[in-house]
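Order of the sequence lines fixes the chain letters, A, B, ..., with proteins taken first and strands second; residue numbering starts at 1 for each chain.
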Amino acid sequence: MTPLEEIRHSCSHVLATALLRVFPDAKLDIGPPTDTGFYYDVDLDHKLTAEDLAKIEAEMKKVVEENQQFVRREVPREEAVEIIKKIGQERYKLGRLADIPEGEPISFYQNGEFVDLCAGTHVRYTKQLKAFKLLSIAGAYHRGNEKNKQLQRIYGTAFPTKDELQQYLERLEQAKLRDHRKLGRELKLFHIDDDVGQGLILWTPAGSIIRQELQTFISEELRKQGYSQVFTPHIGKLTLYKTSGHFPYYKESQFSPIFENESLAKAIGENCSCAEAFSRLEAVSEKMRQDINGRVGREVIPADRTKPDDQLLDGFLLKPMNCPHHIKIFASQPHSYRDLPVRLAEFGTVYRWEQSGELNGMTRVRGFTQDDAHLFCTEEQVGQEVLGCLSLVKIVLTTLGMHDYRVRVGLRDPDSNKYTGSAENWDKAEKACREAAKTLGVSFTEEPGEAAFYGPKIDFVVKDVIGREWQLGTVQVDYNLPTRFDLSYIGADNQPHRPVMIHRAPFGSMERFCGVLIEHFAGDFPVWLAPEQIRLVPISDKVADYGHNLLAQLRAAGLRASLDEHSDKLGAKVRRAELEKVPYTLVLGAKEAEAQSVSVRSRAKGDEGVIPFAQYLERVKQEVATRALPEKKKA
RNA sequence: GCCCAGAUAGCUCAGUUGGCAGAGCACGUCCUUGGUAAGGACGAGGUCGCCGGUUCAAAUCCGGUUCUGGGCUCCA
């Protein structure tokens with residue numbers, strides 16, 4: 001353990017010591033250090049409140065004051081059981097003891113009256129714990145399994161010194177100020193309305209400008225890289241998603257199907273129960289089952305999912321993914337190997353039924369638009385195409401100054417059966433991803449179980465202001481959907497061949513990306529993205545005409561500007577523009593009107609003095625055209 | 001979905017033991033015509049999330065429900 005982890009881990013023991021003094025009947029589970037502090041999971045009938053937290057923290061301070069020594073003791077397994085029984089903590093600790101493999105040492109740590117099964121290590125004396133604070137109470141399932149009892153988790157944080165603790169707490173406060181939900185409301189970027197629905201984003205005019213600029217930006221890159229733009233509808237027939245495998249395997253994370261009227265009327269006429277109707281919705285014909293299973297070479301649709309044709313119910317699904325629609329565009333025409341790769345791109349809106357407790361501002365929603373594309377290529381082209389996709393993601397992140405991300409190669413979980421396709425194809429796809437990731441020049445981790453159900457992927461993961469990780473850009477290699485949909489192209493040998501698909505989205509979703517972007521810039525967007533780029537501030541209405549004149553010129557140049565004609569004094573108008581995070585404020589008085597000049601105040605530098613308007617116009621046009629990043633603010 | 005905590009004006013928040021619904025900012029009108037982060041006066045704005053119960057009387061107490069927040073679980 002690092003020294004900091006020792007401090008935090010020791011704090012969690014002190015927390016447990018104090019907790020048992022206040023609530024002697026608490027049953028302890030585990031209390032490890034974390035990246036930002038520590039916690040202890042406890043089972044306690046009493047519902048802990050904020051007041052309890054204060055009480056426990058006060059007791060912790062006493063424990064520290066008592067300067068208890070942490071003493072390690074290794075014991076044989078039988079004795080460990082005795083100790084746990086003696087301290088009355090058998091409910092969870094016996095299970096934790098059983099987790100320790102045979103042959104590993106079993107150790108207890110004691111400080112004062114408190115004894116805990118623990119591998120260590122710890123600081124030597126409690127007085128070494130100089131700066132800690134309990135932060136919150138949360139529910140957490142025992143062993144992280146939702147089938148187990150939910151325990152109360154007490155979160156806290158600790159640092160070597162009071163100064164560092166104070167700095168951390170201030171950082172937390174700062175983080176709250178740039179939370180995209182708060183800024184989104186203040187800067188009027190988006191709205192979520194109860195009557196429209198949870199997790200459904202309404203893009204307001206200001207937010208729509210940011211989204212539109214991002215889409216224009218990526219579209220320019222797509223043209224350079226030989227993509228074709230397509231449009232597809234928001235729904236598709238269930239049959240489509242039965243073929244792709246989305247339905248019913250991921251039924252629980254989709255909106256309910258929309259029944260097709262005649263089909264439903266017929267089922268009702270047969271007095272078909274709800275349960276029966278759903279079973280018919282999920283079922284496939286024997287022919288479809290044989291076709292798909294034959295193509296993929298193993299049983300991906302089990303026999304018990306078939307029903308006679310006349311009993312199949314049909315309907316539509318709000319699309320959970322864009323791939324099936326794009327596949328159908330590809331399949332609508334014959335392709336020669338000379339046509340490949342075919343790259344179909346769409347800002348495609350998809351809908352997923354996220355559990356209510358998981359929704360979060362713009363970053364976890366139920367309807368979102370992916371900057372999606374599907375590449376159909378030969379097996380030989382896979383490596384190069386994946387590289388092209390990765391470079392696109394890097395262009396996006398670099399242009400926006402987002403350098404703090406990690407790369408994750410998501411592989412299949414060898415113990416799970418949720419994946420479709422042959423092991424052989426999976427091996428090939430995983431190899432392609434791994435090799436592409438190596439060329440990125442950034443470190444990456446390989447994580448089993450993080451793959452999509454149809455193939456492995458390379459994800460770009462960034463942290464939000466409070467440390468939560470969000471997957472943004474993604475590139476996925478897929479040997480499976482082409483098989484399920486029986487896609488082919490004619491090769492040089494005049495024989496049909498199976499193409500390989502690549503799914504990729506450099507932003508991921510417009511919603512999540514904008515949410516993270518708001519926090520990344522703390523609302524201070526680069527000029528090219530700023531909803532309002534220039535605020536004209538006349539000192540008095542005597543120069544209103546000059547203001548209108550400049551406004552017209554700025555707008556004619558394609559810039560987003562407004563004129564503040566309120567009767568406030570200059571200071572108030574400047575303040576308003578600052579709070580609204582407008583990059584440039586142009587102050588106009590009699591002198592400027594006379595000289596056709598403007599007094600420039602930039603968000604980054606403050607008052608920059610008077611320059612000719614024509615000169616300013618060139619400067620800002622240049623800044624927009626190059627998509628320049630904002631300069632660092634003056635301190 | 002689960003645990004805990006919340007919901008009062010557009011925003012941030014006060015509201016005592018159950019007794020006429022409050023402030024600041026924003027907004028509107030008027031006065032003020034000014035030089036780089038708040039000029040002044042007046043005004044408008046609320047079915048206290050929603051439904052039900054207790055009570056002479058509910059923002060306040062009780063039950064339910066919806067939504068939000070912090071976690072947990074999940075995220076093809």
Side-chain angles (χ1 to χ4, degrees), chain A residues 39 41 47-50 52-53 135-155 176 179 181-182 185-186 188 191-195 197-199 241 244-247 249-254 320-321 323 350 352-361 363-366 410 416 418-420 450-455 457 459 466 468-471 474 476 478 480-481 503 512 535 537-544 566-580 585-592 599-603 606-610:
Chain A
Y39 66 81
D41 282 350
K47 304 288 182 205
L48 291 169
T49 64
D52 295 330
L53 229 51
L135 296 175
S136 60
I137 305 154
Y141 298 107
H142 173 54
R143 293 184 183 278
N145 185 332
E146 62 180 326
K147 296 202 170 58
N148 290 342
K149 179 162 185 185
Q150 196 158 47
L151 310 177
Q152 301 188 73
R153 175 171 295 179
I154 303 170
Y155 277 102
K176 276 187 201 158
D179 187 310
R181 293 165 297 192
K182 178 178 159 66
R185 186 170 51 242
E186 288 173 355
K188 301 185 178 69
H191 174 64
I192 300 172
D193 193 284
D194 289 356
D195 288 341
Q198 290 181 274
Y241 298 103
S244 69
H246 291 98
F247 191 87
Y249 289 115
Y250 294 95
K251 188 176 63 172
E252 73 285 352
S253 40
Q254 291 166 178
M321 283 188 147
C323 18
V350 298
R352 299 181 188 178
W353 187 259
E354 306 289 357
Q355 296 189 76
S356 60
E358 278 133 22
L359 299 172
N360 179 281
T363 46
R364 192 77 185 268
V365 293
R366 284 182 173 160
S416 169
K418 75 169 183 176
Y419 306 99
T420 158
E450 291 292 330
F453 78 92
Y454 47 73
K457 55 183 189 166
D459 292 329
I466 52 177
R468 286 178 297 207
E469 290 199 321
W470 299 102
Q471 178 201 309
T474 182
Q476 311 173 356
D478 178 7
N480 288 305
L481 289 180
H503 310 237
R512 178 176 291 179
R535 174 76 53 87
V537 173
I539 287 173
S540 81
D541 19 342
K542 287 175 188 152
V543 285
H566 288 86
S567 69
D568 298 297
K569 292 173 89 164
L570 176 60
K573 293 186 185 187
V574 166
R575 175 181 149 84
R576 187 157 48 231
E578 285 278 351
L579 291 176
E580 291 171 14
T585 302
L586 303 184
V587 176
L588 316 174
K591 285 179 286 185
E592 287 82 4
S599 174
V600 178
R601 182 190 170 90
S602 71
R603 198 176 44 192
D607 191 350
E608 292 188 25
V610 179

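- Note that the CZ atom of A:Arg185 and the NE2 atom of A:His191 stand 11.0 Å from one another [nearest 0.5 Å].
- At least one side-chain nitrogen or oxygen of A:Ser356 sits closer than 4.0 Å to the OP1 or OP2 atom of B:G1.
- Taking every side-chain heavy atom of A:Glu358 into account, B:C74 is the closest of B:G71, B:C74, B:C67.
- Taking the charged nitrogens against the carboxylate oxygens, A:Arg575 and A:Asp568 have no contact shorter than 4.0 Å, which rules out a salt bridge.
- With contacts defined as side-chain heavy-atom distances shorter than 4.5 Å, the pair A:Lys147/A:Asn145 qualifies.
- Taking 4.0 angstrom as the limit, A:Arg576 places none of its side-chain polar atoms (N or O) nearer than this to OP1 or OP2 of B:A38.
- In this structure, A:Tyr241 and A:His246 have perpendicular ring planes: the angle between them is above 60°, well past the 30° mark.
- At a threshold of 4.5 Å between non-hydrogen side-chain atoms, the residues A:Tyr454 and A:Met321 count as touching.
- The shortest distance between the side-chain N/O atoms of A:Arg185 and the OP1/OP2 oxygens of B:U12 is below 4.0 Å.
- Taking the C1' atom of each, B:U29 and B:C62 are spaced 47 Å apart, rounded to whole Å.
- Position along RNA chain B of the nearest nucleotide to A:Asp194 versus A:Glu450 favours A:Asp194 as the more 5'-ward residue.
- In this structure, A:Glu146 and A:Ile137 both approach RNA chain B, and ranking their closest nucleotides by distance from the 5' end singles out A:Ile137.
- Put simply, A:Gln355 has no side-chain N or O that comes within less than 4.0 Å of OP1 or OP2 on B:C2.
- B:C11 sits 14 Å from B:G46 when the P atoms are compared, rounded to a whole Å.
- With B:A76, B:G70, B:U33 as the candidates, the nucleotide lying closest to the side chain of A:Met321 is B:A76.
- Checked against B:A76, B:G35, B:C3, the side chain of A:Glu592 finds its nearest nucleotide in B:G35.
- Straight-line distance between the C1' atoms of B:G43 and B:U16: roughly 31 Å, to the nearest whole Å.
- Across B:A58 and B:C20, the matching C1' atoms stand 14 Å from one another, rounded to whole Å.
- Contact between the side-chain N/O atoms of A:Tyr155 and the OP1/OP2 oxygens of B:C72 is found at a separation under 4.0 Å.
- Nucleotide B:C74 forms a pair with no other nucleotide shown, judged by Watson-Crick or G-U wobble geometry with both contacts under 3.5 Å.
- Between A:Val600 and A:Leu586, some side-chain heavy-atom pair lies under the 4.5 Å cut-off.
- Across B:G15 and B:G52, the matching P atoms stand 28 Å from one another, rounded to whole Å.
- Checked against B:C75, B:C72, B:A37, the side chain of A:Glu354 finds its nearest nucleotide in B:C75.
- Taking 4.0 angstrom as the limit, A:Gln150 places none of its side-chain polar atoms (N or O) nearer than this to OP1 or OP2 of B:C72.
- To the nearest whole angstrom, the two C1' atoms, one in B:C48 and one in B:G18, are 15 Å apart.
- Here the nucleotide nearest the side chain of A:Arg601, chosen from B:G34, B:A37, B:G1, is B:A37.
- Within the 4.0 Å cut-off from OP1 or OP2 of B:U33, not a single side-chain nitrogen or oxygen of A:Lys542 is found.
- Comparing atom distances between the A:Gln198 side chain and each of B:G35, B:C67, B:U73 picks out B:C67 as nearest.
- Of all non-hydrogen atoms in A:Arg364 and A:Glu354, the two that sit nearest each other are NH2-OE1, 2.9 Å.
- Looking at the side chain of A:Val574, the nearest of the listed nucleotides B:G35, B:A37, B:U33 is B:A37.
- Among the nucleotides B:A76, B:G35, B:G70, the one closest to any side-chain atom of A:Phe453 is B:A76.
- Taking atom P in both B:A23 and B:U65, one finds a spacing of 36 Å when rounded to whole Å.
- Distances shorter than 4.0 Å separate none of the side-chain N or O atoms of A:Arg364 from OP1 or OP2 on B:G69.
- Comparing B:C67, B:G39, B:A76 by their nearest atom to the side chain of A:Ser567 picks out B:G39.
- Between B:U17 and B:C61, the distance separating the two C1' atoms is 12 Å to the nearest Å.
- Remark: B:G43 base-pairs with B:C27; criterion is Watson-Crick or G-U wobble with both hydrogen-bond distances under 3.5 Å.
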